[in-house]
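Just below is one structure, and these are the notes that go with it.
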Amino acid sequence: MVTAVVQGICAPGFGHIREEFARNFAERGEVGAALAVTVDGEFVVDLWGGHADADRSRPWERDSLVNVYSTSKGMTALCAHLLADRGELDLDAPVSRYWPEFAQEGKGDIPVRWLLSHRAGLIAPREPLTPADVYDWEKTCAVLAATEPWWQPGTAQGYHAVSFGFLVGELVRRITGTSLGTFLRTEITEPLGADLYIGTPETEHARCAQMIGPEGGGTLRALFPGMPEGPIRSLDAHPLAGMAVAMGHLPLGDVNSAPCRSAEIPAANGNATARGLATVYRALANGELVGADTLAAMRARQSGDDEIDLVLSVATPERLPFAWAAGYMLNGFGYLGPNPGTFGHGGAGGSLAFADPENRLSYAYTMNKFGGSTTGSDIRSLELVKAVYAAPGLPGKGGWTKF
């Protein structure tokens, strides 16, 4: 049994969550982690513990940053929705209105909404990219703009695991003239005092926790063990074909390196504290940042009934525990609590963050032991979510639903 010193606070009525958090270390293999929860704008849980490195020589601190993989997508999507709220981006306009080069290969009519909801068929370019390529923003975006979709856009959903960030991020760049990471920082995180980055400055690298495993991995093949070895040239051969061909070389398992931390890969390499993520989702849960119409658009369901995901179904043969909204996962099966209106995003490895506007609640869990999948079904966070909603007075509204 591994024990860890748990630090931080729990408000009255939330003390039991400290015990559940400690169980992740004692019973579920956790190494280092943090948990933050807000209700009615106030932090009711702010916990951290364990170690920030594999050698267990560096304690996890209150301000420890860690790569949260696809939990980054929620922040990337928010940048687009903030522009929509300001009237600078129309989700139903063609992407090519803002990014003319995107119209290549018959993509001229693809609406922005399909980029956000994983329906554009652009899970990757047709040929492999090297890590150096993926660190080169303009080159990667140019390659994606010239890519023929892997399926007829709009007819199916398939998780754009890495390309999502470049596609949405380039829209932000075309409209604002700044990178997505810069826009996120200047327009959202700095005004809110939220500690998170996409494109982490070197001055902050010393605070970054080391991602650990599995078996030192964390690559796409570790995330999707059903993916065959070697290059795959046909989508018909395997639903992960495009991602395997073009972005399987992206060193997501190398997130501990300075080049990866400094790069902007907005779908996959955000570094954040749990408190930072919860601060952003707190603003959304409390009706800040965007107006009511935009908030409704952010969690409007884009998945069809009984629709499978052409990519994630490899890792989860059964139905996914969420449906896609415009850049967010919508709650299903109670994975994000009892309210079907809860929305957020999980990340490979086990991180998870969401907003529950009806209960004015936000939640964020970050960790460095690679365990769960992007779907938010990691037992470490699932048990914590249940513990949060077991607090007196919660849940307030809603009732869990199945998709």
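Starting from 1, each residue takes its place in the sequence as its number.
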Please check if atom CD in Glu138 has more than 12 non-hydrogen atoms from other residues, nucleotides or ligands closer than 6.0 Å.
no
Using modelled atom types and a 3.5 Å cut-off, is there a donor and acceptor pairing between side-chain atoms of His81 and backbone atoms of Leu295?
no
A side-chain contact here means heavy atoms from C-beta on lying under 4.5 Å apart; do Tyr363 and Asp356 qualify?
no
Going by an N to O cut-off under 4.0 Å, is there a salt bridge joining Arg173 and Glu264?
no
Is there side-chain contact between Leu330 and Pro340, with at least one heavy-atom pair below 4.5 Å?
no
Taking all non-hydrogen atoms of both residues, which atom of Gly158 and which atom of Ile123 are closest, and how far apart?
O-CG2, 3.7 Å
Where the side chain of Gln104 meets the backbone of Glu101, is there a donor-acceptor pair that is under 3.5 Å apart?
yes
Sub-4.5 Å side-chain heavy-atom contact between Glu202 and Ser262
yes
For Arg261 and Ala209, work out which heavy atoms get closest and say how close.
NH2-O, 3.5 Å
For Asp85 and Gly291, which heavy atoms make the closest approach, and how far apart are they?
OD1-N, 2.9 Å
Quiz item: cation-pi between Arg299 and Tyr328, 6.0 Å / 45°:
no
Main-chain N/O of His160 paired to His118 side chain as donor or acceptor, under 3.5 Å
yes
Passing candidate, side chain to side chain contact (heavy atoms under 4.5 Å, CB included) with Trp324, options Met329, Arg119, Arg301, Glu307
Met329
Is Arg275 salt-bridged to Asp46, cutoff N-O under 4.0 Å?
yes
With a 6.0 Å cut-off on the ring centroids, do Phe370 and Tyr69 count as close?
yes
Assess the residue pair Leu284 and Val290 against the criterion (side-chain contact (heavy atoms from CB on, under 4.5 Å)); give the C-alpha distance rounded to whole Å, side-chain angles, the decisive distance to 0.1 Å, and a yes or no.
CA-CA 7 Å; Leu284 293 171; Val290 299; 4.1 Å; yes
Begin with the C-alpha distance, continue with both residues' side-chain angles, and end with the deciding distance and a verdict on side-chain contact (heavy atoms from CB on, under 4.5 Å) for Val95 and Leu171.
CA-CA 8 Å; Val95 175; Leu171 279 176; 3.9 Å; yes
May I ask you to decide if Gly276's main-chain N or O and Asp195's side chain share a donor-acceptor pair within less than 3.5 Å?
no
Do Ser70 and Tyr159 have side chains that approach each other closer than 4.5 Å (heavy atoms only, starting at C-beta)?
yes
Go through it in stages, so that I can follow the logic: the residues are Glu187 and Leu82, the test is side-chain contact (heavy atoms from CB on, under 4.5 Å), and I'd like the CA-CA distance, side-chain angles, deciding distance and then a yes or no.
CA-CA 9 Å; Glu187 300 295 320; Leu82 183 58; 4.1 Å; yes
Can you tell if the side chain of Leu361 reaches within under 4.5 Å of the side chain of Asn339, non-hydrogen atoms only?
no
Any side-chain heavy-atom pair from Ile17 and Val37 closer than 4.5 angstrom?
no
Spacing of OG belonging to Ser381 relative to CG belonging to Asn24, to within rounding of 0.5 Å:
8.5 Å
Can you tell if the side chain of Thr147 reaches within under 4.5 Å of the side chain of Glu105, non-hydrogen atoms only?
no
Check ion pair Glu383-Arg23 (N to O, under 4.0 angstrom):
no
Salt bridge Glu88-Arg174, side-chain N to carboxylate O under 4.0 Å
no
Is a donor from one side chain sitting under 3.5 angstrom from an acceptor on the other, for Trp60 and Gln7?
no
Pair Phe14, Val39 - check side-chain contact (heavy atoms from CB on, under 4.5 Å), show working.
CA-CA 11 Å; Phe14 291 86; Val39 176; 4.2 Å; yes
Side chain to side chain donor-acceptor pair (under 3.5 Å) assessment of Glu170 paired with Trp137:
CA-CA 9 Å; Glu170 182 64 4; Trp137 182 272; 2.8 Å; yes
Could you report the tightest heavy-atom contact between Val162 and Ala267, atom names first, then the distance?
O-CB, 3.5 Å
Separation between CG (Leu35) and OH (Tyr365), nearest 0.5 Å, reads 8.0 Å
More than 12 non-hydrogen atoms from neighbouring residues, nucleotides or ligands closer than 6.0 Å to CG on Asp293, yes or no?
no
State the CE-CD1 distance between Met75 and Ile188, to the nearest 0.5 angstrom.
7.5 Å
To the closest 0.5 Å, what do you measure between CE (Met367) and CG (Leu352)?
10.5 Å
Taking all non-hydrogen atoms of both residues into account, name the closest pair between Gly341 and Pro357 and its distance.
O-CD, 4.2 Å
Could you check whether any side-chain heavy atom of Leu336 comes within less than 4.5 Å of a side-chain heavy atom of Phe343, counting everything from C-beta outward?
no
Short side-chain to backbone donor-acceptor contact, Ser362 and Ala278, under 3.5 Å:
yes
Between Gly74 and Tyr281, what is the shortest heavy-atom contact and its length?
CA-OH, 3.6 Å
With a distance cut-off below 6.0 Å to the six-membered ring centre and an angular limit of 45° from the axis, does Arg126 pair with Trp150 as a cation-pi contact?
yes
Donor-acceptor pair, side chain of Asn286 and main chain of Glu288, under 3.5 angstrom:
no
